[in-house]
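Heads up, the thing below is written out as structure tokens.
These numbers were taken from a predicted model, which means no experiment stands behind them.
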Amino acid sequence: MNREFIEALEDLEYEKEISKDLLIEAIESALVSAYKKNYGTSQNVRVNIDKESGDIDVFRQKEIVEEVLDPFVEVSLEEAQSYDPAYELGDIVEYQVTPRDFGRIAAQTAKQVVVQRIREAERGMIYDDYINRQGDIITGMIHRISNETVFINIGRTEGILAANEQVRGERYVVNTRLKVYIMDVKKTTKGPQVYLSRSHPGLVKRLFELEVPEIQEGIVEIRSIAREAGSRTKIAVYTADESVDPVGSCVGARGSRVQAVVDELFGEKIDIINWSEDPQELISSALSPAKVEAVIPAEEGRAATVVVPDYQLSLAIGREGQNVRLAAKLCNWKIDIKSHTQYYGEEEEDAAEEDAAENEAELLPEEENGLPEDGESPEAEAEAPESEEGSDAAEAEDAGEEQTDEN
């Protein structure tokens, strides 16, 4: 090795951002193993590379002891002091043992170490780059498809779009561009693995951030997202600025902004609602496009019963329960939907049952005694209306007689 080798390491430090000192340390460590392997020795050796000239020296090391038991690794104090009187017990004596042909071995070893370190450094930089972009979206080119797994070229590495992160109904074609969500980054023996997703709710959020300047600037916030990939997504947006309409900002002029997101998601439907801290108002909005008559929260827990008009029941529930399922995810509440007839009909039945029970409770004492509370017989109570009728008839007859006398 020579000065040209050191200059090459300096170039690598500049281009690959790999420390020259770390490379030299790694080469020295590798040369120790190469020396022992090629020269069949188990002695303690040290390799030193001059950082300016690139010269390599190999030193055999021995420890100074009182009594030498292993001459390969130990030396007596007297022998050590014959080289330098300053040596003391426990010091390490070094003898230069650089072989003549060691330069060739050193060059091969250094090349292997440098290549390996460059590869490790590049993997480390790739990992650092993409781990910092976790939770973001990136545009890549579909490189190949193998056993339902799509491999996407995302720049410095290849991302993996697994089958369970794909959207049912989407077709992936080699050499086409695709926006994907960086879901996870892991270190493996083969280098960093970047796992991508097309079904993650975060993809919708990032797409809106790209299309809506108010979200980028922090004026409008996306508070919650519920998604069933490939079918429908509900998002709740909020702003503290009363002069800004958060839903209108996301929809855009003539729906241009939301349509751009829908196009990127290949026609997935998107519902946008206003976020509210009032659970009743939030749940009512989340069930859009269905109209809600009432939201009755449960006494305990995050659960509520929602009453909708009879003709809106199927719309509120949605196809296969999708609308209410997404609304529950969006609000993080358990939602039980009932039609007007179902809910209020049950209430009327319950009220009628309660009235009947109260009436029955009032009649029980009378039935036991066989008499009303005032002591009168049932026959007397039933006859009272007849005597009144008789009295009325008598009054009418008297009135007739008076009229006759006048005539």
May I ask you to say whether E264 pairs ionically with R206, meaning some side-chain N is under 4.0 Å from a carboxylate O? no

Salt bridge check, E94 against R46: does any charged N sit closer than 4.0 Å to a carboxylate O? yes

Which pair of heavy atoms, one from [X] and one from [Y], lies closest together, and at what distance?
| X | Y | answer |
| --- | --- | --- |
| A30 | V113 | CB-CG2, 3.2 Å |
| Y127 | K186 | CE1-C, 4.1 Å |
| V237 | P246 | CG2-CB, 3.6 Å |
| E268 | G230 | OE1-N, 2.8 Å |
| A290 | Q312 | CA-OE1, 3.4 Å |
| C250 | I272 | CB-CD1, 3.7 Å |

When you measure from the centre of the six-membered ring of Y343, is the NZ or CZ of K338 under 6.0 Å away and within 45° of the axis? no

Is it true that F151 and H143 have ring centroids separated by less than 6.0 Å? no

Take E170 and Y172 through the test side-chain hydrogen bond (donor to acceptor under 3.5 Å, both in side chains) and record every step on the way to the result. CA-CA 7 Å; E170 287 188 355; Y172 305 109; 2.7 Å; yes

Sub-3.5 Å donor-acceptor pair from the side chain of [X] to the main-chain atoms of [Y], do we have one?
| X | Y | answer |
| --- | --- | --- |
| D310 | T341 | yes |
| K291 | P309 | no |
| S29 | A26 | no |
| S256 | G252 | no |
| S285 | E281 | yes |
| S284 | Q280 | no |
| S146 | T149 | no |
| N132 | D129 | no |
| Q166 | E148 | yes |
| Q342 | S339 | yes |

Quick one: pull up [atom1] in [X] and [atom2] in [Y] and give me the separation to the nearest 0.5 Å.
| X | Y | atom1 | atom2 | answer |
| --- | --- | --- | --- | --- |
| L12 | E7 | CG | CD | 12.5 Å |
| I283 | C331 | CD1 | SG | 5.5 Å |
| H200 | I182 | NE2 | CD1 | 12.0 Å |
| L31 | Q108 | CG | CD | 11.0 Å |
| I142 | N175 | CD1 | CG | 9.0 Å |
| T157 | Q193 | OG1 | CD | 7.0 Å |

Do [X] and [Y] come within less than 4.5 Å of each other through their side chains, counting heavy atoms only?
| X | Y | value |
| --- | --- | --- |
| I64 | I92 | no |
| V45 | F59 | no |
| R227 | V204 | yes |
| R60 | N44 | no |
| K234 | I273 | no |
| L89 | E66 | yes |
| V220 | Y238 | no |
| P289 | L315 | yes |

Verify side chain to side chain contact (heavy atoms under 4.5 Å, CB included) between V308 and E293, making sure each step is shown before the conclusion. CA-CA 5 Å; V308 298; E293 288 186 356; 5.8 Å; no

Evaluate the criterion salt bridge (charged side-chain N to carboxylate O under 4.0 Å, His left out) for residue pair K62 and E74; output intermediate values, then yes/no. CA-CA 5 Å; K62 291 186 178 182; E74 296 174 340; over 6 Å; no

What's the verdict on side-chain hydrogen bond (donor to acceptor under 3.5 Å, both in side chains) for S243 and D241, showing C-alpha distance, side-chain angles and the deciding distance? CA-CA 5 Å; S243 64; D241 190 340; 2.6 Å; yes

Let me see the working for N153 and E158 under side-chain hydrogen bond (donor to acceptor under 3.5 Å, both in side chains), right down to the final yes or no. CA-CA 5 Å; N153 185 350; E158 195 174 63; over 6 Å; no

Go through the steps for E120 and Q116 under the test side-chain hydrogen bond (donor to acceptor under 3.5 Å, both in side chains), then give the verdict. CA-CA 6 Å; E120 290 176 357; Q116 181 180 358; 3.2 Å; yes

Which class fits the ring pair Y95 and Y83: parallel under 30°, tilted 30 to 60°, perpendicular over 60°? perpendicular

Under the criterion salt bridge (charged side-chain N to carboxylate O under 4.0 Å, His left out), I'd like the reasoning laid out for E214 against R257: C-alpha separation, chi angles, the key distance, then a yes or no. CA-CA 12 Å; E214 289 84 353; R257 292 175 178 175; 3.0 Å; yes

Derivation and outcome, side chain to side chain contact (heavy atoms under 4.5 Å, CB included), residues E211 and Q259: CA-CA 10 Å; E211 296 294 334; Q259 189 59 47; over 6 Å; no

Report the C-alpha separation of R198 and F266 in whole Å, then their side-chain angles, then the decisive distance to 0.1 Å, and conclude whether the side chain to side chain contact (heavy atoms under 4.5 Å, CB included) test is met. CA-CA 11 Å; R198 282 283 297 176; F266 300 105; 3.2 Å; yes

Might you confirm whether atom CD of Q61 has over 12 heavy atoms from other residues, nucleotides or ligands at distances under 6.0 Å? yes

Taking T98 as the fixed residue, which of D55, V47, D57 is the one that meets the side-chain contact (heavy atoms from CB on, under 4.5 Å) rule? D57

Assess the residue pair S231 and Q322 against the criterion (side chain to side chain contact (heavy atoms under 4.5 Å, CB included)); give the C-alpha distance rounded to whole Å, side-chain angles, the decisive distance to 0.1 Å, and a yes or no. CA-CA 9 Å; S231 180; Q322 184 187 69; 2.6 Å; yes

For R156 and E122, what are the C-alpha separation, side-chain angles and deciding distance, and is it a salt bridge (charged side-chain N to carboxylate O under 4.0 Å, His left out)? CA-CA 9 Å; R156 302 177 63 183; E122 288 179 342; over 6 Å; no

